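Okay, so here's the structure we're looking at.
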Amino acid sequence: MSDLSQDDIRAALCTIVDPVSGKDIIANDMVSGLVIKDRNIGFAIEIDPADADRMEPLRKAAERAVLALDGVSSVSAVLTAHNAAPAAPAETPASDANPEAPANQAPATSLLPGVGAIVAVASGKGGVGKSTTAVNLAVALASLGQRVGILDADVYGPSLPRMLGISEKPKPLANKKIEPLEAHGVKVMSMGFMVPEDTAMVWRGPMVIGALEQMMREVEWGTLDVLIVDMPPGTGDAQLTMAQRVPLAGVVIVSTPQDIALIDARKGMNMFAKVNVPVLGIVENMSMFICPKCGEQTDIFGHGGARSEAERLGCDFLGEIPLDVAIRVTSDSGQPITASEPDGPHAEAYRDLASAVLAKISTATTRPAPSISID
Ligand code: ADP
């Protein structure tokens with residue numbers, strides 16, 4: 001154990017001056033969520049998001065100042081626009097980070113009082129068709145008569161505006177909340193409406209969760225049966241924090257059939273298991289290729305890997321979606337196949353997935369506030 005105290009850290013941070021106000025960052029009350037874990041320090045510096053670029057040197061200077069203290073072995077300072085938790089100290093691998101939530105966080109259950117079930121769609125890595133699945137699942141749920149919203153938490157590559165064909169921005173309402181946009185019967189909110197893609201670099205765990213909470217609390221979602229959350233890919237701090245902070249009814253894991261993708265999917269599942277988020281099941285995307293000319297099936301990435309993996313892990317297999325150029329073309333042009341070809345076989349596959357998800361969440365008991373298990 002080290003003898004480092006919060007006061008030691010704060011004293012070091014008194015030397016860091018905010019260029020905007022001219023005051024030091026402690027006097028200016030910009031430091032929050034200070035965490036000391038052994039010799040590893042984490043904290044957030046609260047800033048106006050518009051200043052994010054020019055605050056990066058300040059963040060680095062703050063890290064250096066704390067690192068210079070005796071007994072400190074790592075420092076993780078993050079810029080945040082919100083009063084949220086800091087990232088776990090840098091030395092701790094994300095998947096093994098101590099995810100204990102700071103006491104200053106409000107219970108997440110109050111974020112979305114009108115929403116029946118929040119369902120995350122996640123993948124162990126990018127490019128496996130997570131967003132495509134999330135969008136088509138949402139539209140399929142709406143086609144089954146559910147009141148559905150979709151929230152794009154994939155700040156590293158917000159693709160929902162494009163996939164749902166939305167180019168306008170959401171409007172503020174008289175009650176200061178934001179009205180979500182609507183497409184194909186689904187209410188939509190995305191970081192892509194608010195953040196230019198080239199600023200994505202500054203998004204770190206606390207900023208992501210802060211923005212995500214804002215997109216829940218400050219958006220007039222109204223009454224929804226299901227809110228789909230398109231999670232960022234991978235298993236870093238942002239995903240872990242979200243899994244803890246958002247009262248998820250469960251998570252749908254998207255994987256391609258290749259072993260390597262399944263290894264990533266397993267990591268994703270382990271992460272959710274750690275924070276007691278139920279895994280509703282696995283979907284195998286790009287499961288098989290059906291030639292549009294001759295109808296022959298080719299298993300480009302192998303086939304059935306996700307099904308056998310689900311069996312092995314004792315979780316449900318929710319279905320398989322073929323690799324078909326029509327899915328790509330429709331989703332890249334803002335007309336998801338569930339909406340543009342509702343009578344086709346792919347829409348049917350997504351409706352089957354939607355029914356499986358509905359069955360799972362209707363039998364799930366209401367989950368209490370996340371409880372944390374630490375290895
Ligand atoms: P992720 O969210 O995992 O990064 P995306 O949903 O953005 O992945 O998909 C990556 C690319 O693959 C997109 O161009 C998308 O249209 C395409 N794609 C996804 N699923 C399929 C599928 N089943 N068949 C054909 N193309 C697909």
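The figures here come from the full heavy-atom set of this structure, side chains too, leaving out hydrogens, waters and symmetry mates. Whatever order the structure lists them in is the order used to number ligands and atoms, beginning at 1. Remember, predicted model here, so these are calculated numbers, not experimental data.
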For residues [X] and [Y], determine if any side-chain heavy atom of one lies less than 4.5 Å from a side-chain heavy atom of the other.
X	Y	value
Ile16	Ile45	no
Ser190	Met215	no
Thr338	His184	no
Asp24	Leu13	no
Leu353	Thr133	yes
Glu341	Gln335	no

Heavy atoms from other residues, nucleotides or ligands near NZ of Lys177 exceed 12 (cutoff 6.0 Å): yes
Is the closest heavy-atom distance from [X] to ligand 1 below 4.0 Å?
X	value
Ser331	yes
Gly127	yes
Met163	yes
Ala326	no

Distance-only side-chain donor-acceptor flag, Asp352 / Ser355, under 3.5 Å: no
Closest to atom 22 (C) of ligand 1 among Val128, Ile321, Ile327, Leu160 (heavy-atom distance): Ile327
Nearest option to atom 24 (N) of ligand 1, as decided by whichever heavy atom of Asn136, Asp324, Val325, Asn285 sits closest: Asp324
Worked verdict on Ser340 versus Thr330 for side chain to side chain donor-acceptor pair (under 3.5 Å): CA-CA 8 Å; Ser340 54; Thr330 50; 4.8 Å; no
Salt bridge flag under 4.0 Å for residues Arg351 and Glu348: no
Check ion pair Asp225-Arg147 (N to O, under 4.0 angstrom): yes
4.0 Å protein heavy-atom contact status of atom 11 (C) of ligand 1, strictly under: no
For ligand 1, which is the ligand I care about here, please tell me if [X] has any N or O atom under 3.5 Å from one of the ligand's N or O atoms.
X	result
Thr133	no
Pro322	yes
Gly126	no
Leu323	no

For [atom], the protein heavy atom that lies nearest, with its residue and separation:
atom	value
atom 18 (N) of ligand 1	Met286 CE, 3.8 Å
atom 2 (O) of ligand 1	Ser131 N, 2.8 Å
atom 26 (N) of ligand 1	Arg328 CB, 3.4 Å
atom 8 (O) of ligand 1	Gly129 N, 3.1 Å
atom 15 (C) of ligand 1	Thr132 OG1, 3.6 Å
atom 13 (C) of ligand 1	Asp332 OD1, 4.0 Å

